[in-house]
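Below, read A as the first sequence line, B as the second, and so on, with proteins coming before strands; counting in each chain starts at 1.
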Amino acid sequence: MTNGETTSRTDFIREIIDEDIRTGRFGGRVHTRFPPEPNGYLHIGHAKSVMLNYGIAKDYGGKFNLRFDDTNPTKEEQEYIDAIIEDVRWLGADWEDRLFYASDYFEQLYQWAEDLIRKGLAYVCDLSADEVREYRGTLTEPGRNSPYRDRSVEENLDLFRRMRAGEFPDGSRTLRAKIDMASPNLNLRDPVMYRILHAEHPRTGNAWCIYPTYDWAHGQSDSIEGITHSICTLEFEDHRPLYEWFLQALGIYAPRQIEFARLNLTYTVMSKRRLLRLVNEGHVRGWDDPRLPTLRGLRRRGVTPEALKDFTERIGVAKNNSTVDIALLEYCIRQDLNRRALRVMGVLDPLKVTLVNYPEGQVEWLEAINNPEDPSAGTRLVPFTRELWIEREDFREVPPPKYYRLSPGREVRLRYGYFIKCVDVVKDADGNVVELLCTYDPETRGGSAPDGRKVKSTIHWVSVPHALTAEARLYDRLFLKEDPDDVPEGGSWLDNLNPNSLEVRTCYVEPSVAGAAPGSLYQFERLAYFCVDPDSTPERLVFNRTVALKDEWAKIQGKT
RNA sequence: UCGGGGAUCGUCUAACGGCAGGACAGGGGACUUUGGAUCCUCUAAUCGUGGUUCGAAUCCACGUCCCCGAGCCA
C-alpha cells in the first residue's frame with residue numbers, strides 16, 4: 001500500500017456482510033465463490049469478480065470456492081476449464097481443495113426436481129420453444145398457463161423420468177417450475193428447469209441427456225456448498241426472486257445473492273461475443289494477444305496480478321453502470337512495474353553517434369543501477385565504446401523551445417556514461433540525418449563534471465558493437481474511440497479498431513538482457529516497460545511493450 | 001407500456017440528517033544522472049422541481065434520463 005486510501009476500503013457488499021455477521025444470519029460465516037461458465041476465456045472483468053470474492057473471503061477469514069457453471073454442454077469445453085483454472089490461480093485466488101462443478105450436483109438436482117414435482121411445484125411441459133415464448137406473454141401483458149400445467153404428479157414423474165432416460169428428442173419437452181404466468185417478473189412465469197439436450201458433456205460425458213438451466217442449478221449449487229454470499233452481476237437482479245423461490249420451495253439452506261455492476265473499460269470491448277469475433281476474424285492474433293483485455297492477453301503483455309488487484313481495489317464496487325478510464329489501469333500497471341522492473345537501455349529508433357575523440361577499439365564497462373526503486377536489485381556493467389546508438393528523437397537539428405536533448409553544439413549526459421557534445425551532423429543525399437559526430441569529456445565519466453557544470457538532459461544509449469538486435473512489439477489501444485460503439489449510424493464497432501494497435505520494430509538493447517526468460521519484466525529507461533514474449537528465441541528476443549512511461553515532453557510538444 | 005435497478009468533479013468512488021472527501025485524468029510548481037519515480041499545489045460534482053428540517057447528496061412528493069428483463073444462454 002503506497003498510501004492510505006486503499007487500506008480501509010469498504011463497499012456496499014462488505015457492509016451487507018458486516019450486517020449479516022452482526023445479526024448472525026450465517027452464524028458469522030463468510031463463504032464466497034467464483035462461478036465461471038467454461039465457454040470462453042476470462043478477462044479483466046472476471047478479475048474484478050475473482051478479486052472481490054476471494055478478497056472478501058480472505059478479509060473475513062472465510063472460504064472461497066471455484067465452481068464451474070457447466071450446465072450447457074453445447075457451449076462448454078474442457079479447454080476453457082483448463083484455461084480458467086490456470087487464470088484464476090495466476091490471479092492468486094486460492095480455492096484450496098474446493099474446486100467444484102455444477103455438474104457434480106446433477107444427480108442431487110435431479111432428485112430435488114422430483115421433489116418439486118411431488119410437491120406439485122414443477123411439471124413437464126410439451127410446448128415447443130416457440131410456443132413457450134408465445135405463452136409467456138410480453139413485458140406488459142401477462143402470459144397464459146401452459147395446457148400441460150395441470151398434469152398429475154404421477155404423469156409428471158413418469159414423463160420426467162422418461163426425459164432422463166432419453167426417450168424424447170431435443171426440444172420436445174421441458175420441466176418447468178409452476179410459479180405464476182402473470183408475474184410482472186418474467187423469470188417467474190414458469191421458468192424452465194430442464195431441457196433435453198443429447199449432447200456430450202465435458203465432465204459427465206453421455207450420462208445425461210437432460211440438463212439443468214442456470215436458474216435451477218445456481219442457487220442449489222450455492223446451497224450445497226454452503227455459500228453465504230452469492231455475488232453476481234446486475235443482470236441477475238431480476239433472477240433473485242427465482243433464486244429464492246427454488247431454495248424456499250425445496251426448504252434448503254439459502255445463501256444471499258448480491259449483485260454488483262460489471263466492469264467496463266474505455267478503448268476496449270469486454271463481451272465474450274466480441275472478444276470471440278476479434279479472435280476469429282483475425283483482428284488480433286489469438287486469445288492471448290497482448291492487446292486484448294483477457295487475462296491471458298494481459299499476462300502476456302506483462303501485467304502482473306498485483307497490478308490487477310490494485311486496479312480492482314481502486315475502481316471500487318457499486319451498482320452504477322460505469323466505464324472505467326483505461327488510464328487508471330495503465331497507472332496501476334506503471335505503479336507496479338516501477339517497483340519491480342529491472343532498468344535497461346534499449347533504442348527503438350536508432351541514430352548512430354560517433355565519439356570522435358574516443359579511442360577506437362576501447363571498451364569501458366560502466367556501472368549501472370538495476371532499479372533505483374529497489375537497491376537490492378543491485379547493479380550491472382554496460383559496455384561503452386566509440387560508436388553508440390541513441391534514440392533518434394533525442395536529437396533535433398533545430399531544437400524547439402523547452403527541448404533539452406541533443407542538438408548541434410549542445411551538451412547532454414549519456415546515462416551512466418559521459419557528457420557528450422554534438423559537433424557535426426552527417427546527412428545522406430536526401431538531407432536525412434544519418435549520424436552524429438560528437439566529442440566526449442573524459443572528465444565526466446559516470447555522469448558528473450568535476451567543474452560542476454550541469455546539463456539539462458540525460459539520454460540513453462547502446463554500444464553499437466555490443467547491441468543485441470531484438471524485436472519490439474509496440475501496442476496501442478485497440479480502439480480509436482473511448483467507446484467502440486461510437487459510430488455513425490449504420491457503422492460497426494469494428495470500424496473503430498485502431499489500425500496501428502500493433503507496431504513491430506527492430507530495436508537495439510544492451511547485452512545484459514541476453515537470454516532473458518519469457519515473462520521477464522524490464523523498463524527500457526525513458527521509454528516504456530517491456531515484457532519478454534514467449535515468441536523469443538535464443539537468437540532473437542521479442543519484447544512486448546506493456547505500457548509506455550509517462551512522457552512529459554510529449555505533453556509539452558502536444559500543447560504547441 | 002410492465003417489472004427490477006441506477007443517477008455525486010471529465011472518469012471511478014466516498015458520505016448513512018451536520019464542512020461534499022479520495023483516486024485517476026487535466027493545469028501549475030519543486031526535485032531529478034530516466035522530461036521516469038517522488039513531493040507540493042490548483043481546477044473540477046450532488047439529474048430537475050417542490051416539500052420536511054435549525055440544517056438535505058442523504059428523508060418525502062412529482063418529474064427527467066440511463067441500464068437490465070419477453071433463451072429450452074449464463
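Between K555(A) and rG27(B), a side-chain N or O to OP1/OP2 separation shorter than 4.0 Å is present. In this model, the phosphate group of rC67(B) is not approached by any side-chain N or O of R262(A) to a distance below 4.0 Å at OP1 or OP2. Not one side-chain nitrogen or oxygen of T323(A) sits closer than 4.0 Å to the OP1 or OP2 atom of rU11(B). Phosphate proximity of rA74(B) to T213(A): absent, as no side-chain N or O sits under 4.0 Å from OP1 or OP2. Regarding contacts with the backbone of rA74(B), a side-chain N or O of R195(A) is found under 4.0 angstrom from either OP1 or OP2. The phosphate of rG4(B) has neither OP1 nor OP2 within less than 4.0 Å of any side-chain N or O from Q257(A). Side-chain N/O atoms of R343(A) include none lying less than 4.0 angstrom from OP1 or OP2 on rG36(B).
Nucleotide rU1(B) is matched to nothing when pairs are restricted to Watson-Crick or G-U wobble geometry with both distances under 3.5 angstrom.
Listed nucleotides rC12(B), rG5(B), rG35(B) differ in distance to I315(A); the shortest reach to its side chain belongs to rC12(B). If you check rA74(B), rG4(B), rG35(B) against the side chain of H239(A), the one that comes closest is rA74(B). Out of rU1(B), rU13(B), rG35(B), the shortest distance to the side chain of Y404(A) is found at rG35(B). In this structure, the nucleotide among rG36(B), rA74(B), rA23(B) sitting nearest to the side chain of L328(A) is rA23(B). Distance from the side chain of L549(A) is smallest for rU34(B) among the nucleotides rC2(B), rA74(B), rU34(B).
Between F34(A) and H46(A), the angle of the ring planes goes over 60°, which puts this pair in the perpendicular group of the 30/60° scheme. Taking the six-membered ring for Trp and thresholds of 30 and 60 degrees, Y211(A) and F106(A) have ring planes more than 60 degrees apart, a perpendicular arrangement. Relative ring orientation between W389(A) and Y508(A) is described as parallel, the plane-to-plane angle staying below 30° on a 0-90° scale split at 30° and 60°. By the 30° and 60° cut-offs, the orientation of the rings of F384(A) relative to Y440(A) is tilted.
Taking 4.0 Å as the cut-off between side-chain N and carboxylate O, D485(A) and R274(A) count as a salt-bridged pair.
Comparing rC65(B) with rC47(B), their P atoms are spaced 16 Å from each other, to the whole Å.
Taking 90° from 0 as the syn/anti boundary, the base of rG71(B) is oriented syn.
If you measure from atom NZ of K456(A) to atom C1' of rC31(B), you get 12 Å, rounded to the nearest angstrom.
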